[in-house]
Amino acid sequence: QLQLVDSGGGLVQAGGSLRLSCAASGSIFSINNMGWYRQAPGLQRELVARIGRGGSTYYEDSVKGRFTISRDNAKNTVYLQMNSVKPEDTAVYYCNVDLYSRDSPTNLRNYWGQGTQVSVSS
């Protein structure tokens, strides 16, 4: 059974740092894009950062220069290093992965992690 497990959230003061991790497990053939979304109360879920299999990255404007996305293909894991965090970064962060499973290696599917809460105090 395929699953994503998010971890690393918590409470941090403004200006501090956090590192989120998301590990994919199960019968995985290969993983394409891996990304992080966030959803604050009353707002829509938004893309924060994404990384391709070859390492190309995308960042939402408000996190450029502060957040860094990376991945370890051998561990099927994606990370989000969050530096200089601000109160407006407070949200539930979800990892999102496009992957091929071993039982369906030509069918690209999208999976979500369960979410991890990040709270930034001022």
Side-chain angles (χ1 to χ4, degrees):
Q1 182 178 354
L2 292 165
Q3 66 173 352
L4 303 181
V5 178
D6 304 340
S7 63
L11 176 63
V12 62
Q13 287 189 332
S17 297
L18 277 176
R19 189 191 195 208
L20 307 184
S21 299
C22 173
S25 64
S27 184
I28 298 170
F29 180 70
S30 68
I31 298 178
N32 282 13
N33 289 333
M34 307 181 84
W36 290 94
Y37 287 71
R38 65 186 178 188
Q39 187 167 20
L43 298 180
Q44 288 189 336
R45 192 172 295 188
E46 64 174 357
L47 176 63
V48 176
R50 182 176 59 225
I51 184 167
R53 182 168 181 81
S56 60
T57 58
Y58 162 85
Y59 294 96
E60 193 271 328
D61 284 346
S62 69
V63 308
K64 286 180 180 177
R66 300 188 298 121
F67 292 6
T68 302
I69 190 169
S70 61
R71 62 190 285 172
D72 184 333
N73 290 331
K75 296 182 179 179
N76 292 332
T77 299
V78 61
Y79 306 96
L80 186 68
Q81 178 66 43
M82 305 170 62
N83 296 332
S84 302
V85 295
K86 303 175 180 180
E88 50 264 45
D89 294 322
T90 295
V92 178
Y93 284 71
Y94 299 89
C95 74
N96 181 267
V97 171
D98 293 325
L99 63 81
Y100 297 95
S101 65
R102 291 190 183 279
D103 61 2
S104 186
T106 60
N107 186 12
L108 187 65
R109 296 181 178 177
N110 185 261
Y111 291 83
W112 289 93
Q114 82 282 3
T116 184
Q117 176 70 48
V118 171
S119 299
V120 182
S121 62
S122 58

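None of the values given here were measured: they were computed from a predicted structure.
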inquiry  = Using the rule given for side-chain contact (heavy atoms from CB on, under 4.5 Å), can you reason through Q3 versus Q114, listing the C-alpha separation, both sets of side-chain angles and the distance that settles it, and then say yes or no?
reply    = CA-CA 9 Å; Q3 66 173 352; Q114 82 282 3; over 6 Å; no
Nearest 0.5 Å, please: how far is [atom2] in [Y] from [atom1] in [X]?
{"X": "Y111", "Y": "I31", "atom1": "OH", "atom2": "CD1", "result": "11.0 Å"}
{"X": "C95", "Y": "L4", "atom1": "SG", "atom2": "CG", "result": "4.5 Å"}
{"X": "D72", "Y": "M34", "atom1": "CG", "atom2": "CE", "result": "9.5 Å"}
{"X": "S104", "Y": "F29", "atom1": "OG", "atom2": "CZ", "result": "11.0 Å"}
{"X": "L18", "Y": "S119", "atom1": "CG", "atom2": "OG", "result": "9.5 Å"}
{"X": "W36", "Y": "L47", "atom1": "CH2", "atom2": "CG", "result": "12.5 Å"}

message = Applying side-chain contact (heavy atoms from CB on, under 4.5 Å) to V120 and K86, what does each step give before you reach the verdict?
response = CA-CA 6 Å; V120 182; K86 303 175 180 180; 5.5 Å; no
query = Does NZ or CZ of R45 fall inside the cone over Y37's six-membered ring, less than 6.0 Å from its centre and within 45° of the axis?
reply = no
message = Less than 6.0 angstrom from the centroid, inside 45 degrees of the normal: does R109 satisfy that with respect to the ring of Y100?
response = no
request  = Tell me, please, which residues at least two apart from D61 pass side-chain hydrogen bond (donor to acceptor under 3.5 Å, both in side chains).
outcome  = K64
message = In the structure I gave you, are the side-chain heavy atoms of Q117 and T90 within less than 4.5 Å of one another anywhere?
response = yes
message = Closer than 3.5 angstrom, by distance alone: can the side chain of T77 be matched with the main-chain N or O of A23 as a donor-acceptor pair?
response = no
query = Do the side chain of R71 and the main chain of I51 share a donor and acceptor less than 3.5 angstrom apart?
reply = yes
request  = Would you list the pairs meeting side chain to side chain donor-acceptor pair (under 3.5 Å) in which at least one residue belongs to residues 4-32, sequence neighbours left out?
outcome  = S17-N83
What's the shortest heavy-atom distance between [X] and [Y], and which atoms?
{"X": "L99", "Y": "S101", "value": "CD1-N, 3.9 Å"}
{"X": "G9", "Y": "T116", "value": "N-OG1, 3.1 Å"}
{"X": "W112", "Y": "Y94", "value": "CE3-CB, 3.8 Å"}
{"X": "A91", "Y": "A40", "value": "CB-N, 3.8 Å"}
{"X": "V48", "Y": "V63", "value": "O-CG2, 3.8 Å"}
{"X": "R38", "Y": "S62", "value": "NH2-OG, 3.2 Å"}

query = Among side-chain atoms of R50 and Y58, is any donor-acceptor pair under 3.5 angstrom?
reply = no
request  = May I have the step-by-step check of side-chain contact (heavy atoms from CB on, under 4.5 Å) for V92 and V118, ending in yes or no?
outcome  = CA-CA 6 Å; V92 178; V118 171; over 6 Å; no
inquiry  = Could you go through I69 and Y79, starting from their C-alpha distance and side-chain angles, then the distance that decides it, and tell me whether this counts as side-chain contact (heavy atoms from CB on, under 4.5 Å)?
reply    = CA-CA 6 Å; I69 190 169; Y79 306 96; over 6 Å; no
